[in-house]
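The structure presented is a predicted model; accordingly, all values stated were derived computationally and were not measured. A, B, ... follow the sequence lines: proteins, then strands. Residue 1 opens every chain.
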Amino acid sequence: MALVLRLQRRADFLRAARLGRKWAMPGLVVQAVATPPARARDDTLRLGFTASRKVGGAVLRNRAKRRLREAARLILVPRAEPGYDYVLIGRPQTVDRPFTALLQDLQTALKRLGRYRSAEGGQAPAEPSENGTRTP
RNA sequence: UCAGAGGGUCGGAUGGCCGCGUCCCCGCUUGCCGGGGCCGAGGAAAGUCCGGGCUCCACGAAAACACGGUGCCGGAUAACGUCCGGCGGGGGCGACCCCAGGGAAAGUGCCACAGAAAGCAAACCGCCUGCCGAAGCCCCUCGGGGCAAGGCAGGUAAGGGUGAAAGGGUGCGGUAAGAGCGCACCGCGGACCCGGCGACGGGGACGGCACGGUAAACCCCACCGGGAGCAAAACCGAAUAGGGAUGGCACGCCGCAAGGCAAGCGGGUUUUCGCGCCGCCGUCCGGGUUGGUUGCUUGAGGCGUCCGGCAACGGGCGUCCCAGAUGAAUGGCCAUCCAUCCCCCGCAAGGGGGAGGACAGAACCCGGCUUACAGACCCUCUGACGCA
């Protein structure tokens with residue numbers, strides 16, 4: 001599995017917004033851009049989350065980011081192509097949308113961006129199961 | 001039981017799987033590593049409205065002035081605009097609730113509309129007295145007399161009318177009509193006496209009554225107050241450009257100088273021309289951005305208990321360590337249960353099914369205030385009705 005770093009600098013977010021490809025789904029928006037060469041490694045992907053005031057107050061914004069983090073843990077981390085920066089953007093529906101639908105949104109968006117790898121290298125498919133847990 | 005008043009507590013619970021953050025321990029393949037353990041949002045974490053701590057800036061001390069704030073009394077407190085106990089006024093049958101509650105004989109201003117008049121006494125319609133009284137009416141002993149519209153002078157403030165407010169109220173006496181003019185009761189002022197630390201309360205000689213309201217109008221009085229805020233502030237400090245100091249090397253030709261020429265360097269390479277730079281290499285210093293570290297959580301601290309106090313609160317003893325993130329941890333999913341709501345069956349007891357968690361997320365830390373909030377529970381008290 002790829003090593004995951006968290007995007008922590010404003011500059012990285014702005015770069016992803018400016019240079020990256022974007023795909024929107026009802027539950028979220030995904031931006032993807034190749035990691036800058038200076039920091040890029042084959043086995044590493046970088047990940048960031050954001051939710052603007054449009055989503056709601058502090059409670060709703062934080063909740064949206066937490067749900068996005070959990071969705072990314074289940075879908076994006078095992079399946080997304082390394083060497084890229086991914087930014088997941090919260091939308092108003094991120095908070096209310098059923099979690100399984102949110103997972104589906106993320107998977108679809110990654111496919112549309114061409115950064116979704118089907119199961120390879122002996123890794124188990126990370127289809128969301130009914131109880132929301134991953135089979136080891 | 002119903003209706004109501006005051007105060008307090010909580011604000012989903014338990015379990016399973018997977019995850020996140022600080023700290024601690026262990027391991028190695030020392031890394032943005034793996035494993036384990038403890039702890040991990042609120043009563044308002046919110047608004048940022050007051051009061052402090054802390055930090056920096058300014059500043060010799062103190063006072064005055066200006067500006068701002070506070071404003072019944074006493075107490076609590078680090079402090080407060082907060083809290084507690086009282087006082088006064090208003091509301092409620094009551095438990096209780098509400099009050100921007102200092103000064104209006106220090107001065108100035110204002111009092112809309114209406115009204116004659118809004119602050120100093122005045123008088124519009126009236127009422128009363130005296131004098132005059134042409135026209136008119138009545139009487140007559142024919143001389144005149146009376147009534148009276150009206151006019152002049154004066155006395156009044158009872159009645160009418162306006163207003164939020166009109167110079168005490170009601171009644172009796174009194175009077176030409178009236179009037180504290182006199183009297184009774186009520187109200188008001190009030191020397192002084194008593195009680196209270198005090199706000200204030202009780203009594204009250206005497207005074208026929210004078211002194212309207214407004215200080216969320218200026219103002220006066222008393223007390224309090226430097227400014228900015230953790231993005232405060234301190235430290236470390238890469239790369240690049242630029243600044244200063246210094247060491248080594250280089251420093252040609254013309255010209256007194258200004259300057260010119262040549263050489264060197266710059267853009268993939270070479271030549272020519274044009275343009276730009278005026279040395280090249282090294283060391284050190286200061287400033288300083290991205291970033292990092294500290295500040296950063298042990299504190300006017302929580303809990304228990306005893307003592308003092310009506311209480312706010314204070315004191316003693318014991319015990320506990322209780323979030324520290326920084327693109328920002330405290331989450332995702334599932335099951336059961338507890339509230340709550342809806343639907344169906346049933347006369348009912350009850351049964352079945354479904355929906356589904358209020359307001360809201362720490363960001364330096366405390367004390368308050370204010371605002372938001374589904375619902376649940378507890379205590380004390382009041383008024384009805386009923387029972388004993």
K.L.:
Out of C32(B), G332(B), C18(B), which nucleotide sits closest to the side chain of L5(A)?
P.N.:
C32(B)
K.L.:
Quick one: look up who G15(B) pairs with, Watson-Crick or G-U, both distances under 3.5 Å, and put none if it's unpaired.
P.N.:
C334(B)
K.L.:
Syn or anti for U297(B), given that syn means the glycosidic angle lies within 90° of 0?
P.N.:
syn
K.L.:
Rounded to whole angstrom units, what separation is found between the CD atom of E70(A) and the C1' atom of U330(B)?
P.N.:
14 Å
K.L.:
Supply the atom-to-atom distance L103(A) CG to R67(A) CZ, rounded to the nearest 0.5 angstrom.
P.N.:
9.0 Å
K.L.:
Y84(A): what forms a side-chain contact (heavy atoms from CB on, under 4.5 Å) with it, not counting sequence neighbours?
P.N.:
A34(A), E81(A), Y86(A), R115(A)
K.L.:
Could you pull out all residues at least two apart from R69(A) that satisfy side-chain hydrogen bond (donor to acceptor under 3.5 Å, both in side chains)?
P.N.:
none
K.L.:
My understanding is that only residues two or more places apart in sequence, or in another chain, count here; which of them pass side-chain hydrogen bond (donor to acceptor under 3.5 Å, both in side chains) with D85(A)?
P.N.:
T35(A), R46(A)
K.L.:
What's the base orientation of G195(B): syn (chi within 90° of 0) or anti?
P.N.:
anti
K.L.:
Working to the nearest 0.5 Å, report the span between CG of L47(A) and CG of L7(A).
P.N.:
7.0 Å
K.L.:
Output one line per pair: protein atom, nucleotide atom from nucleotides 357-363 of chain B, and distance, for all N/O pairs under 3.5 Å.
P.N.:
from	atom 1	to	atom 2	distance (Å)
G361(B)	N7	R66(A)	NH1	3.3

K.L.:
Figure out the CZ/P separation between R73(A) and G332(B), and round it to whole Å.
P.N.:
12 Å
K.L.:
Rounding to a whole Å, what distance do you find between L47(A):CG and G19(B):C1'?
P.N.:
14 Å
K.L.:
Taking a pair as Watson-Crick or G-U wobble with both distances under 3.5 Å, which nucleotide is matched to A360(B)?
P.N.:
none
K.L.:
To the nearest Å, give me how far apart CG (L106(A)) and P (G332(B)) are.
P.N.:
17 Å
K.L.:
Looking only at side-chain atoms of R69(A), point me to the closest of C18(B), A329(B), C32(B).
P.N.:
A329(B)
K.L.:
Identify, with sequence neighbours excluded, every residue that meets salt bridge (charged side-chain N to carboxylate O under 4.0 Å, His left out) alongside R91(A).
P.N.:
none
K.L.:
Measure the distance from CD1 on I75(A) to C1' on C333(B) and round it to the nearest whole Å.
P.N.:
13 Å
K.L.:
Go through the structure and list residues passing side-chain contact (heavy atoms from CB on, under 4.5 Å) with P26(A), not counting sequence neighbours.
P.N.:
Q93(A), R97(A), D105(A)
K.L.:
Between F13(A) and P98(A), name the one whose nearest nucleotide on RNA chain B is closer to the 5' end.
P.N.:
F13(A)
K.L.:
Which protein N or O atoms sit under 3.5 Å from an N or O of nucleotides 371-375 of chain B?
P.N.:
none

K.L.:
Where does A176(B) land, syn or anti, once you apply the within-90°-of-0 test for syn?
P.N.:
anti
K.L.:
Could you please name the partner base of C235(B), counting Watson-Crick and G-U wobble pairs only when both distances are under 3.5 Å?
P.N.:
G292(B)
K.L.:
Syn or anti: how is G295(B) classified when any glycosidic angle within 90° of 0 counts as syn?
P.N.:
anti
K.L.:
Can you tell me how far C1' of C18(B) sits from CG of L74(A), to the nearest Å?
P.N.:
8 Å
K.L.:
In the strands shown, is C127(B) matched to any nucleotide by a Watson-Crick or G-U wobble pair with both distances under 3.5 Å, and which?
P.N.:
G155(B)
K.L.:
Indicate whether OP1 or OP2 belonging to A328(B) is found under 4.0 Å from a side-chain N or O atom of R6(A).
P.N.:
yes
K.L.:
Mapping G48(A) and R97(A) onto RNA chain B by nearest heavy atom, which one lands closer to the 5' end?
P.N.:
G48(A)
K.L.:
Taking M25(A) as the fixed residue, which of T108(A), L102(A), L106(A) is the one that meets the side chain to side chain contact (heavy atoms under 4.5 Å, CB included) rule?
P.N.:
T108(A)
K.L.:
Under the side chain to side chain donor-acceptor pair (under 3.5 Å) definition, can you give me all pairs with a residue in residues 20-32 of chain A, not counting sequence neighbours?
P.N.:
none
K.L.:
May I have the distance from D85(A) (atom CG) to G327(B) (atom P), rounded to whole angstrom?
P.N.:
16 Å
K.L.:
Identify, with sequence neighbours excluded, every residue that meets side-chain contact (heavy atoms from CB on, under 4.5 Å) alongside D96(A).
P.N.:
none
K.L.:
G327(B) base stacked by F49(A)? Criteria: ring centres under 5.5 Å, plane angle under 30°.
P.N.:
no
K.L.:
May I ask which nucleotide in the shown strands pairs with C387(B), Watson-Crick or G-U wobble, both distances under 3.5 Å?
P.N.:
none
K.L.:
Distance check needed: G19(B) C1' versus F99(A) CZ, whole Å only.
P.N.:
11 Å
K.L.:
Report the glycosidic orientation of A210(B): syn if within 90° of 0, anti in every other case.
P.N.:
syn
